[in-house]
Amino acid sequence: MQTRGGKILLYGYGNPGRGDDGLGPALIAELERLGTESATLESNYQLSVEDAAEVAAHPTVIFIDADTAGAGPFRFERVIPERTISFSSHSIAPGAVVALAQQLFGKHADAYLLAIRGYEFDEFNESLSYLARENLGEALEFVTRALQERRFDEYLKQYGIDCGCSISADAQ
Amino acid sequence: MSHVNKVVIEPVTRVEGHGKVTILLDEQKKVTQARLHIVEFRGFERFVQGRPFWEMPVVVQRLCGICPVSHHLAAAKAMDIVVGADKLTPTAEKMRRLMHYGQIYQSHVLHFFHLVSPDLLFGFDSDVATRNIIGVAVKFPELAVQGVMMRKFGQEVIKATAGKKIHGTGAIPGGINKNLSISERDELLKEIDQQITWSRGAVKIARDYTVEHLTELTAFGSFDSNHLSLIRADGAMDLYHGNLRAIDANGNKIFDQVDYQKYIDFIAEEVRDWSYMKFPFIKSLGPERGWYRVGPLARVNTADFIDTPEAEAARKEFAAVTKGKPNNITMAYHWARMIEVLHAIEKIRDLLNDPDLQGNDLVVTGERREQGVGLIEAPRGTLFHHYRVDKNDQVVMANLIVSTTNNNEPMNRAVERVAKDHLSGVEITEGLLNHIEVAIRAYDPCISCATHALGQMPLEVKLIDHRGNLLDQRST
């Protein structure tokens with residue numbers, strides 16, 4: 001797949017009050033602190049249907065979420081539009097947001113997921129675990145580089161499984 | 001001792017988080033009881049102990065990523081009491097109200113258009129592969145776009161008033177920390193007429209569906225109940241502030257205009273060994289008869305009138321269906337919810353045109369108190385926040401009764417009614433599952449914390465016999 005130009009939407013989601021669940025917003029906060037002009041930065045507790053409008057306004061989107069499994073520090077995968085799954089809660093999977101953007105606004109964004117490995121999710125806790133913080137640092141370095149290089153096909157081979165399958169089957 | 005068979009359904013899809021339903025059968029395979037198990041996130045009280053009280057309006061938003069604004073405002077109202085701010089400035093109260101109506105609007109719209117409309121448009125028993133938001137987008141694209149744009153508008157109202165989407169800081173003890181700028185106001189006003197038009201349409205969809213299917217809906221998961229909500233001094237619906245009113249299934253007042261600082265004298269919570277979540281009840285009636293509904297249905301039932309003209313006209317039509325008596329039809333929640341959408345957008349329009357929102361008098365203080373209670377009518381129902389604060393300004397006690405907890409018994413009753421009507425044999429059919437989900441969804445429960453990281457479980461259905469053996473299992 002050819003990499004498109006234009007602003008990239010970086011969308012981190014998760015609850016910062018649930019320990020490592022806040023990895024997505026934490027990465028966005030780091031990027032906001034550093035400053036970037038080549039990306040639109042968004043964060044929220046969870047994805048929702050109205051995010052389809054924001055996705056539709058960008059040629060490329062990277063969703064950033066915490067991951068409960070995997071070796072770490074992160075994986076990078078393609079998001080395939082989900083047209084058949086049931087909408088399972090107020091929280092909506094990245095693939096469903098992309099599908100909605102296509103269906104409602106006729107826009108086909110290249111969509112990816114950056115899943116950062118977290119470890120502690122079960123307690124009220126406003127801070128990241130030590131290991132999650134380490135992973136966040138590596139993810140930040142990766143995103144900073146990716147915003148300049150935009151070699152997403154390479155990253156898929158290097159950090160993920162570009163199998164064409166749905167990642168959101170794993171998502172709640 | 002009779003054997004009891006258990007049919008376990010977990011988790012419930014298309015409601016917040018996940019839950020599990022257990023249906024208890026007797027030896028004749030008849031339903032004796034249905035239990036909705038909700039995993040309530042614990043540890044909040046410990047989490048806030050020792051924290052300074054002024055942090056609470058922000059900290060409590062960690063509780064839930066679904067309705068953080070409601071917790072934000074309920075905690076701020078409790079802390080108003082703690083700092084002795086008995087009457088906020090007009091700018092502060094109106095900014096908070098605007099934030100709250102934005103929250104009501106976006107939450108109700110999301111629930112109706114994207115969780116409920118697939119059931120109403122395609123039917124409860126239609127294919128789950130298409131009975132979802134993507135299916136609506138394919139077959140009813142205009143409606144799906146409306147839902148997205150209405151939700152987006154509500155979120156923009158929140159952003160303009162709370163300051164940001166995550167961990168908003170707009171409300172602080174004794175007031176607010178920002179007013180609404182002219183440019184923020186004008187941006188929102190640009191869309192208001194379109195939003196009102198769409199809201200009228202949403203009421204019509206819900207109204208038409210309910211009236212056309214009234215016979216079957218009257219029987220579906222329904223039962224008589226008490227109803228509880230905040231109410232304004234003149235009996236008007238007030239989603240932000242007021243006193244407590246409770247009515248019985250016939251509309252008789254159980255109590256009225258109760259100062260919610262004294263809620264503990266009127267409301268108690270029962271613990272049951274099979275549930276993590278408590279069962280609130282009206283003390284004077286006891287746990288058997290004192291449970292109640294909260295949320296849109298309860299609020300439309302308890303209100304004498306609504307103070308915005310179009311929503312009031314819709315309320316009158318709603319009340320006419322039950323000849324002025326309280327409506328106890330579970331599925332009527334959807335119609336009531338859309339009446340509140342219309343009310344919220346009328347209120348947003350009126351507030352946006354109120355110059356008080358550009359005022360600069362934002363905070364008041366008074367005599368410091370040791371405790372405070374904050375109540376608000378959150379989208380899902382009455383939300384209680386109660387805190388005690390020591391001399392060092394640290395929180396030493398927190399007690400929350402969230403909306404979904406208030407609706408715990410009604411949701412269990414709804415599931416039981418559906419199970420009794422639709423369970424055949426000991427097989428969990430797709431139809432039964434759908435009907436149970438539809439009944440629970442009417443309450444729009446928020447049944448879990450907002451963690452949603454990748455790797456959570458999918459829908460799983462288990463069938464277990466009276467000896468504990470797994471008979472059947474289904475998962476999505």
Side-chain angles (χ1 to χ4, degrees), chain A residues 13-25 28-29 42-54 65-70 75 81-93 96 99-100 102-105 113 115 118 121-126 167-172, chain B residues 11 13-18 41 43-44 46-48 59-66 68 106-107 110-111 113-115 118 128-135 137-138 141 144-145 147-155 164-167 446 448-459 476:
Chain A
Y13 56 101
N15 187 342
R18 294 278 190 273
D20 293 348
D21 195 51
L23 272 164
I28 297 300
E42 277 285 344
S43 60
N44 211 330
Y45 291 99
Q46 66 276 312
L47 295 176
S48 191
V49 292
E50 73 273 14
D51 296 322
E54 195 67 36
D65 195 3
D67 196 354
T68 59
R75 60 192 165 97
E82 284 280 355
R83 293 180 180 280
T84 56
I85 60 159
S86 179
F87 179 40
S88 59
S89 81
H90 278 202
S91 163
I92 186 171
L100 273 177
Q102 291 182 3
Q103 194 65 46
L104 299 178
F105 302 104
L113 174 76
F121 296 89
D122 295 332
E123 293 288 334
F124 282 109
N125 187 348
E126 293 174 279
I167 56 88
S168 55
D170 290 338
Q172 182 181 341
Chain B
T13 61
R14 266 206 286 152
V15 290
E16 303 307 337
H18 64 270
F41 206 90
F44 178 76
R46 191 175 68 244
F47 177 67
V48 298
V59 166
V60 293
Q61 294 175 83
R62 274 74 157 166
L63 267 172
C64 176
I66 304 299
Q106 61 88 17
S107 176
L110 180 68
H111 180 261
F113 280 92
H114 299 289
L115 298 181
V128 292
T130 54
R131 186 163 49 90
N132 55 53
I133 180 55
I134 304 295
V138 170
V145 170
V148 167
M149 300 316 286
M150 291 171 79
R151 160 87 172 179
K152 195 166 190 297
F153 180 79
Q155 294 283 39
K164 49 187 179 176
K165 288 180 184 173
I166 289 190
H167 299 166
C446 184
S448 181
C449 55
T451 47
H452 64 277
L454 300 169
Q456 300 292 312
M457 71 170 96
L459 174 68
T476 57

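Throughout, protein chains are lettered first and strands after them, A, B, ... in sequence-line order, and every chain is numbered starting at 1.
Applying the side-chain contact (heavy atoms from CB on, under 4.5 Å) rule to B/A137 yields the partners A/L100, A/Q103, A/L104, B/A144; only residues at least two apart in sequence or on another chain are considered.
Neither the backbone nor the side chain of B/M150 comes within contact range of chain A; no heavy atoms are under 4.5 Å apart. Proximity to chain A is limited to the side chain of B/Q155, based on heavy atoms less than 4.5 angstrom apart.
Inter-residue side-chain proximity for B/V148 and A/F105 is flagged as met; some heavy-atom pair is nearer than 4.5 Å.
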